[in-house]
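The next block holds one structure in the form of structure tokens; read it before the comments.
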Amino acid sequence: MKIDIKKTIEEKIKKNISHFKKDMKFDVLPTEKEEFGDFYTNISFRLSDKENPPQKIAEMIKDKILPDLKGVIKKIEIKNGFINFFIDENVYRKHVLNIFQNGKEYLKEDIGNGKKVLIEFVSANPTGPLTIAHGRQAAFGEALSRILKFSNFKVVNEYYINDAGKQMELLGESLKARYYQLKGKAIEIPQEGYHGEYLVDIAKKIQDIKDDLEFFKEFGYNEILKDIKEDLEKFGVFFNNWVRESDFIKNNDVEKIVKFLKEKGLIYQKDGSWWFKSSIFGDDKDRVVIKSDGSFTYLATDIAYHKYKIERGFDIIINIVGPDHHGYIPRLKAVVKSLGFNLENFVVLIVQLTTLYRGKEKISMSTRKGQFITLKDLIKEIGPDASKFFFLFRKIDSHLDFDIEIAKKQTTENPIFYLQYAYVRLKHVIEFAKEKGYEIEKIEDKTEILKEKEEIELMRKIWVFNDVIEGVVKNYGVHLLAEYLLDISKKFHSYYQKFRIVSENRDLTEARLILTKSLLTIFETSLYLLNISLPEKM
RNA sequence: GCGCCUGUAGCUCAACAGGAUAGAGCAUCUGCCUUCUAAGCAGAGGGUUGCGCGUUCGAGUCGCGCCAGGCGCACCA
């Protein structure tokens with residue numbers, strides 16, 4: 001594993017300023033600009049007062065810690081009160097060589113320490129096909145899951161199937177109506193029901209009918225769930241568990257937990273129904289769990305479900321939801337808290353909606369009328385990889401504008417082609433070198449030859465990979481990795497244009513092949529984590 | 001009315017626990033192909049970070065108040 005420069009600097013500073021103050025808080029962060037070196041610290045601002053301006057303190061600290069950082073830090077400069085650290089390039093060279101020799105495994109870093117994480121995502125009702133909103137959630141959830149696993153978390157992907165309650169009744173009734181419409185009978189779909197064309201297709205498949213609602217419900221459920229699973233598989237998204245809401249009712253789990261909460265005084269009767277005291281756990285008001293007709297609300301089954309989540313001993317529970325569920329979050333947090341789970345480890349991530357465009361034209365979506373572009377349509381039109389990349393390279397909080405025309409274009413307007421081109425070039429260089437007789441595996445350390453500014457910069461970018469991963473894990477910001485990949489693509493394109501990798505100079509070529517191969521490892525690893533595959537040739 | 005998200009270059013978006021001169025891509029303009037893929041590269045222009053006040057050494061980032069857009073406020077799931 002690579003050395004942690006940040007931590008090293010932090011430790012040396014702490015050691016040398018202990019006489020100042022105890023528990024001093026300060027940052028050691030990567031810089032944005034070359035002239036400021038690779039890392040900087042703001043400690044001088046923290047320690048400064050009227051007699052001792054930041055500049056003066058910085059000078060004092062600099063002289064003390066420089067000898068301690070030999071071999072890691074080349075020089076220290078002070079500017080505007082900041083202390084800037086310039087990393088010894090040999091640190092980069094060694095790192096690149098390690099990646100070259102050990103591949104992907106060397107990039108792994110233990111952030112999770114084996115902690116168990118449950119990610120619940122998509123969880124679309126089995127009443128219709130997956131939408132692009134689900135697509136964004138699916139792409140995000142899968143990538144997050146992969147990155148967490150890569151960072152030594154133990155991750156379970158879970159899909160919660162809402163197959164109980166009124167929505168399923170409506171599905172059954174809607175399908176029944178469609179079926180009889182096909183037989184020439186004028187039966188109306190309930191107004192609240194599902195009017196999408198997909199139910200016609202499903203109705204056509206019905207052969208041996210039993211004329212009760214249960215049959216239509218079950219038939220519709222099975223067909224739609226099958227369809228959802230197919231879509232997700234095509235999209236490259238996989239779940240370890242499929243949990244059915246109805247099971248919690250069938251197994252009396254809901255009944256049991258409701259009884260338990262009643263006994264604890266957390267569920268009480270009022271106005272003919274039973275209410276959960278969510279307000280004492282931070283919700284705005286209390287919520288109904290048993291309706292006046294005696295049936296459970298969705299919240300009731302969700303309590304049972306979250307109890308099931310907690311019982312399985314996860315350290316972190318992540319729920320990925322759409323913005324239409326955000327009003328529900330305080331309720332859910334109240335549930336989790338009432339079950340004794342630490343809210344700090346219960347994370348709800350809201351993935352904002354995506355607006356589709358064809359050029360300037362906005363594609364309006366109405367799920368009610370069944371006029372929407374489904375995830376299936378999108379995958380069919382632009383492919384799973386382009387779709388995923390577009391979903392992933394913006395942070396989830398932003399409302400995403402997704403132009404189908406751009407995603408289809410084979411020009412630089414389309415970021416995924418830019419990426420693809422860099423990837424293909426990397427591969428091609430390696431192939432070309434092999435044709436010229438270079439045995440890549442046998443190349444020995446020649447990284448000291450890498451001295452060009454662009455080479456140092458590329459090595460620095462490679463070095464930063466782990467920081468990016470750390471950022472993703474800390475902030476659940478998968479887009480950071482996608483951006484990183486675009487950034488490193490740009491650096492490589494530029495380098496490739498300016499310098500020849502495979503040249504007459506054998507040593508130089510080998511040194512550059514080490515760099516190229518390491519870059520390829522970075523690419524392959526990142527693409528795997530984002531769950532995107534790219535063609536080998538263009 | 002209340003709550004969540006968003007507002008940054010002409011367009012789409014970055015900016016990790018508040019750090020230095022706010023960055024990319026597209027679009028526009030100017031250059032670069034006998035050598036590993038020009039689907040590329042180099043360079044230029046483009047900004048009062050929606051508005052106002054505050055917190056502090058320092059604010060796109062934090063707080064308060066406005067303005068605008070999206071979404072949500074069920075005994076639906």
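Convention: sequence-line order gives letters A, B, ...; per-chain numbering from 1.
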- request: Let me know, please, whether A/Phe432 or A/Ile350 comes out on the 5' side of the other along RNA chain B by nearest nucleotide.
  value: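 It is A/Ile350, whose closest nucleotide lies nearer the 5' terminus.
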If we call it a pair only when both distances are under 3.5 Å in a Watson-Crick or G-U wobble match, what pairs with [N]?
N	value
B/C26	B/G10
B/C66	B/G50
B/U56	none

Taking only side-chain nitrogens and oxygens of [X], does any of them come within less than 4.0 Å of OP1 or OP2 of [N]?
X	N	result
A/His479	B/A15	yes
A/Lys490	B/G25	yes
A/Tyr476	B/C16	no
A/Lys291	B/C76	yes
A/Arg425	B/A38	yes
A/Thr127	B/C76	no
A/Asn475	B/A17	yes
A/Ser494	B/A42	yes
A/Lys395	B/A15	yes

message: Determine whether the aromatic ring centres of residues A/Phe391 and A/Phe402 are separated by less than 6.0 angstrom.
response: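 Yes, the ring centres sit under 6.0 Å apart.
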Rounded to the nearest 0.5 angstrom, the OG1-CD distance for A/Thr301 and A/Glu245 is 3.5 Å
Write down the distance between NZ (A/Lys33) and P (B/A24), rounded to a whole number of angstrom.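 My rounded result for the distance is 9 Å.
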task: Please work out which of the three classes, parallel, tilted or perpendicular, describes the rings of A/Phe82 and A/Tyr40, given edges at 30° and 60°.
output: perpendicular
With a 3.5 Å cut-off and heavy atoms only, can you find an N or O donor on one side and an acceptor on the other between the side chain of A/Asn42 and the base of B/G19?
yes
Rounding to an integer number of angstrom, what distance separates B/A14 and B/C5 when you compare their P atoms? 15 Å
- Query: Does A/Lys337 make a cation-pi contact with A/Phe281, if we ask for NZ or CZ under 6.0 Å from the ring centre and within 45° of the axis?
  - Reply: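 Ring-cation test returns no.
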**Prompt:** So, do A/Tyr40 and B/A20 meet the stacking rule of ring centres under 5.5 Å and planes under 30°?
**Reply:** no
